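Not measured: the values here are computed from a predicted model.
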Amino acid sequence: PYTTLFRSIDASQLSEWFILAARWLFVVISTYFIVYLLAVNKYVFAVLFPVFTFICTIISYFRYTVKVELTQMVIDLALVNDLRTDIDMVSWKLIVIVLIALALSVFVVIFRFRRVSFEHAWLHFLLAIAGIAAVNSTWQTRLALSRRIPYSVFYSVLGYIDNRNEISNRHLAFGGTPECHADSLTVVFVLGESLRASNIQINGYERPTTPLLAKEKNVVSLPNVFSEYPYTHTSVPYILTRADHAHQQRAYTERSFVSILKKAGYYTAWIANQESVATFAYFMNETDTLDYVNSGKSLYVMSQWLDEDIIPSYERLLQSNRNRKCFIIHTIGSHWFYDSHYPEKFARWQPTARSKVISENTLTEMRNSYDNTILYSDWFWHELIERLRGENAVLIYLSDHAECMGEDGYMTHGTDHPALHRPACFVWFSEKYAQNYPKKVAALRKNRMKRYNSSFLFHSVISAADVKTKYINHQENIFY
């Protein structure tokens with residue numbers, strides 16, 4: 001099963017093959033320790049090895065045929081769907097492959113009974129446990145194994161349980177009753193991924209990465225936002241809540257702006273094109289509707305993973321008969337591997353980074369691929385805006401963090417660096433919104449060059465929604 005995870009990885013140079021072969025060997029050895037542990041006792045092996053084979057075969061089948069991995073999100077969807085929906089995923093090919101795999105597992109069990117014996121079984125048990133512990137001893141190896149069969153089963157179930165526990169935790173509710181006098185208003189918050197403020201055309205970048213945004217007269221860019229955190233799992237809860245530099249713990253003890261908007265009469269929804277993470281799973285479930293659109297993709301699946309998959313859910317939610325609506329759209333944006341996140345027709349800058357091994361790409365290739373993701377995002381943002389143009393609506397975009405693009409030799413966002421703290425941010429508003437809220441628009445234009453911490457988002461979304469509450473800090477409100 002581990003071999004299927006490497007089928008989509010190409011390697012054009014000899015050094016890449018060595019790196020990928022080393023990774024493959026690491027997964028093989030890690031899997032060996034699990035089989036070794038099961039095989040110590042022949043009766044345990046007879047029961048668990050067929051089960052182990054059954055599970056791995058099913059996961060490998062879906063990974064190979066539809067490029068869907070087992071994640072906590074997939075587990076959640078499987079439990080939420082009715083039995084008929086889950087049964088629809090079963091095909092005759094899957095049944096045949098599973099039966100063949102189970103037959104082979106029975107032969108292996110028979111072989112274990114007849115040909116294999118362990119002296120000092122307790123010693124072999126300890127060696128197997130030590131091996132499993134060793135391959136999972138660092139966060140880097142745990143991260144590598146967490147999306148690879150068979151360890152993905154354990155880590156996905158663990159992640160699902162962590163998410164459920166986080167969702168069941170009680171975050172402090174906001175007191176009072178917020179006021180909103182808007183008859184009809186749509187607020188869209190686009191939560192971006194890994195987008196640098198310096199690489200978008202509307203901020204003066206030399207490449208035309210945002211030609212459609214550049215044509216919009218009602219777009220205001222805020223190029224001087226500072227992201228408190230350089231990683232998604234810490235940045236997102238900070239952005240969504242009343243947390244700030246002096247009160248960072250609020251990200252894990254208080255509710256998000258969603259709670260306030262719901263009390264003010266807003267229908268809320270979260271459209272997710274990324275996996276849920278325990279640090280912000282609670283806030284995803286604060287919304288009235290939660291839509292997953294990434295179909296079990298993860299960062300270890302190198303096939304296309306596009307934000308346009310969000311649009312059908314977005315259109316459906318826009319058509320709801322609610323007068324006040326707020327949508328959070330979590331995009332995959334410009335996350336590495338860049339070429340997975342835009343269609344071929346948006347590959348304007350060439351050559352691109354075709355290798356998944358970052359060090360095997362040139363800086364020019366990395367930059368070209370990265371800028372292509374922005375060109376595609378520009379099209380995606382335009383599609384969101386087009387569906388709001390005739391409404392009383394406002395769209396706020398903020399990337400969770402930025403990306404290193406060669407500064408001091410650093411690439412992507414694996415290690416903290418000052419470049420990671422300069423995310424892209426912009427606001428679009430409709431003509432109706434400008435007519436209804438001229439003071440907010442004027443303040444936004446006036447504040448566009450100010451330096452804001454990413455904690456501004458909580459206060460600014462509430463203000464953009466025309467909601468009055470004592471929890472707004474107007475010093476962090478871009479509309480004030």
Heavy atoms of other groups near Tyr471 OH, more than 12 under 6.0 Å: yes
Heavy atoms of other groups near Phe174 CZ, more than 12 under 6.0 Å: yes
Verdict with reasoning, Arg367 to Glu206, per salt bridge (Lys or Arg N to Asp or Glu O under 4.0 Å): CA-CA 13 Å; Arg367 181 192 178 201; Glu206 64 270 19; 2.6 Å; yes
Pairing of [X] and [Y] as salt bridge, 4.0 angstrom limit:
X      : Y      : answer
Lys217 : Glu431 : yes
Glu407 : Arg196 : yes
Lys432 : Glu391 : no
Arg389 : Glu383 : no

Is it the case that the ring center of [Y] lies less than 6.0 angstrom away from the ring center of [X]?
X      : Y      : value
His330 : Tyr292 : no
Phe426 : Trp381 : yes
His413 : His401 : yes
Trp336 : Tyr338 : yes
Phe283 : His171 : yes

Any sub-3.5 Å donor-acceptor pair from [X]'s side-chain atoms to [Y]'s backbone N or O?
X      : Y      : result
Arg445 : Val441 : no
Ser369 : Met366 : no
Asp291 : Ile271 : no
Ser377 : Thr373 : yes
Ser460 : Ile478 : yes
Tyr238 : His245 : yes
Asn224 : Met449 : yes
Thr141 : Thr138 : yes
Ser146 : Leu143 : yes
Asp378 : Ile374 : no

Side-chain donor-acceptor contact under 3.5 Å, [X] with [Y]:
X      : Y      : answer
Ser455 : Glu476 : yes
Gln475 : Tyr452 : no
His421 : Asp416 : yes
Asp408 : His417 : yes
Ser320 : Lys325 : no
Asn273 : Asp309 : no
Gln350 : Glu365 : no
Arg207 : Asn368 : yes
Ser221 : Asn203 : yes
Ser235 : Asp400 : no
Asp339 : Tyr342 : yes
Arg354 : Thr352 : yes
Glu193 : Thr232 : yes
Glu286 : Ser256 : yes

Nearest atoms (heavy-atom pairs only) where [X] meets [Y]:
X      : Y      : answer
Leu375 : Pro211 : CD1-CD, 3.8 Å
Val467 : Ala264 : CG2-CB, 3.8 Å
Val394 : Ala464 : CG1-CB, 4.0 Å
Pro237 : Tyr252 : CG-OH, 3.9 Å
Asn392 : Ser184 : ND2-O, 2.8 Å
Arg387 : Leu318 : CB-CD1, 3.8 Å

Hey, does [Y] have a side-chain heavy atom less than 4.5 Å from the side chain of [X]?
X      : Y      : value
Asn136 : Leu145 : yes
Cys326 : Val258 : no
Val188 : Tyr397 : no
Leu240 : Phe189 : yes
Phe456 : Asn477 : no
Ile58  : Tyr61  : no
Ser430 : Leu388 : no
Met411 : Leu363 : yes

Member of Asp288, Asn321, Thr289, Asn323 meeting the side chain to side chain donor-acceptor pair (under 3.5 Å) criterion with Tyr267: Thr289
Nearest-0.5 Å distance that lies between atom OH in Tyr314 and atom CZ in Phe380: 8.5 Å
From Phe257 atom CZ to Ile239 atom CD1, the distance as rounded to the nearest 0.5 Å: 10.0 Å
Audit row: Phe226, Glu228, side chain to side chain contact (heavy atoms under 4.5 Å, CB included) steps and yes/no: CA-CA 6 Å; Phe226 178 87; Glu228 185 72 19; 4.3 Å; yes
Candidate list Trp349, Phe346, Trp305, Tyr370, test ring pair (Phe, Tyr, Trp, His ring centres under 6.0 Å), partner Tyr376, passing option: Phe346
Test log, rule side chain to side chain contact (heavy atoms under 4.5 Å, CB included), inputs Val27 and Trp24: CA-CA 5 Å; Val27 176; Trp24 178 83; 5.9 Å; no
Stepwise side chain to side chain contact (heavy atoms under 4.5 Å, CB included) test for Thr331 and Val190: CA-CA 7 Å; Thr331 62; Val190 181; 3.9 Å; yes
Trace of the side chain to side chain contact (heavy atoms under 4.5 Å, CB included) decision for Val153 with Ile59: CA-CA 9 Å; Val153 178; Ile59 297 172; 3.4 Å; yes
